[in-house]
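Before any comments, here is the structure.
Quick note on labels: first sequence line is chain A, next is B, and so on, each numbered from 1.
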2 protein chains.
Amino acid sequence: MYSGRDFGDSFGYDAFKRTCMSHTVLEVLASKWVYLVVCALRTATLRHGELARKIEGITPKMLTQTLRELERDGLVTRKIYPVIPPKVEYELTDLGRNLAALLDQIRTWSEQNAPHIREARARAQMGAGEMAEFQS
Amino acid sequence: MYSGRDFGDSFGYDAFKRTCMSHTVLEVLASKWVYLVVCALRTATLRHGELARKIEGITPKMLTQTLRELERDGLVTRKIYPVIPPKVEYELTDLGRNLAALLDQIRTWSEQNAPHIREARARAQMGAGEMAEFQS
DNA sequence: CGGTATCCCGGCCGATACTG
DNA sequence: CAGTATCGGCCGGGATACCG
């Protein structure tokens, strides 16, 4: 074991390799909250409270944590207004907007295919519970 | 705000609502292993062992678990050959292939922008150590 | 080969309370 | 308003061993 990851000179063009940069990017994106925050910011600059209200179920802690992560990776900017009460706005960077467009395609896909997946799950559930029920 | 499609029911088309089907779909996709498995199967039908070898770091348990989930949701089919030694092939369904195309765009994006994100992280790390804050 | 079964640890994440 | 602090549960998921 070694502390920290050694990406070496690999720019990581194979996400299947753990040592690849693209793999670590994936690890960030593979989060429900990251996805929702990025999508929420796609069409508008929003404040902390606005995000919290829009994203149902997120806690202040997770929201802050997610935003910090996105900020660290250069996907979101954090703009502080020195006023009282405090005002902080979050906005996607160009990089973030670029990504958001792709994530939004996933959302569109999810919306359009939700019925199919629901049916698939129902069928799977049927098959699983069927042996305890009738067998005609 | 919601593109004029705020149905607000459980069939819903607003992934920000926890009760929405599209939200649950997202919860499936928001997984590193799901992503990698789907992408691995994008170009080829593969066996369990082939997947395990291709996806670095995945354990048998997680691979099976992920495949079962994808099968349940109708994204992957599992074909068993009654031979000895056993042979099982996993293949994307049409639905799965459709999704895989989108996920592959994410991968392409990750590869292309990995350097930018690497730099952003380096800058963030610098700033954290220096604490010499100056806003623009 | 293609899985299951089991143990178990770390850390993710939710809940809540508090501060500037 | 925009966060931090803290605690704790639960479960994701790694390691390992074992079946058909």
Check your understanding: Looking across every strand, which nucleic acid part, if any, lies under 4.0 Å from B/Tyr81 by heavy atom: base, sugar-phosphate, or nothing?
Key ->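 Here B/Tyr81 touches no strand at all.
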
Practice item. Spell out, as yes or no, whether a donor-acceptor pair under 3.5 Å connects the side chain of B/Thr93 to the backbone of B/Gly74. Key: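 Looks like yes, one N/O pair under 3.5 Å.
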
Point to revise | Any donor-acceptor pair under 3.5 Å from B/Glu89 side chain to B/Thr45 backbone | key: no

Practice item. Could you walk me through whether A/Glu71 and A/Tyr90 pass the side chain to side chain contact (heavy atoms under 4.5 Å, CB included) test, one step at a time? Key: CA-CA 9 Å; A/Glu71 190 188 3; A/Tyr90 295 95; 5.5 Å; no

**Study point:** Given DNA chain D, 5'-ward residue of the pair B/Thr59 and B/Pro86, judged by closest heavy atom
**Key:** B/Thr59

Check your understanding: For DNA chain D, whose closest nucleotide is more 5', that of A/Lys87 or that of A/Lys61?
Key -> A/Lys87

Look at [X] and [N] and indicate whether a side-chain polar atom (N or O) is within less than 4.0 Å of OP1 or OP2.
X       : N     : value
A/Tyr90 : D/dC1 : no
A/Arg78 : D/dG3 : yes
B/Arg47 : C/dG2 : yes
A/Arg68 : D/dT4 : yes

What integer distance in Å separates [X]:[atom1] from [N]:[atom2]?
X       : N      : atom1 : atom2 : result
A/Gln65 : C/dG14 : CD    : P     : 10 Å
A/Arg53 : D/dC1  : CZ    : C1'   : 10 Å
B/Ile84 : D/dC19 : CD1   : P     : 18 Å
A/Arg18 : D/dG13 : CZ    : P     : 14 Å
A/Ile80 : D/dT4  : CD1   : P     : 10 Å
B/Leu51 : C/dC1  : CG    : C1'   : 14 Å
B/Glu50 : C/dC1  : CD    : C1'   : 11 Å
B/Ile58 : D/dG14 : CD1   : P     : 8 Å

Practice item. Please tell me if the side chains of A/Phe16 and B/Arg107 come closer than 4.5 Å, counting only heavy atoms from C-beta onward. Key: yes

Review point. In terms of side-chain heavy atoms of B/His48, which of C/dG14, D/dG14, C/dG2 is nearest?
Key: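 Per side-chain heavy atoms of B/His48, the pick is C/dG2.
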
Exercise for review: Identify which nucleotide among D/dT6, D/dT4, C/dG3 has an atom closest to any side-chain atom of A/Thr64, counting heavy atoms from C-beta outward.
Suggested key: D/dT4

Check your understanding: Checking side-chain contact (heavy atoms from CB on, under 4.5 Å) against B/Ile55, which of B/Leu36, B/Thr66, B/Leu46 comes through?
Key ->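 That would be B/Leu36; it is the only one of B/Leu36, B/Thr66, B/Leu46 passing the side-chain contact (heavy atoms from CB on, under 4.5 Å) with B/Ile55.
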
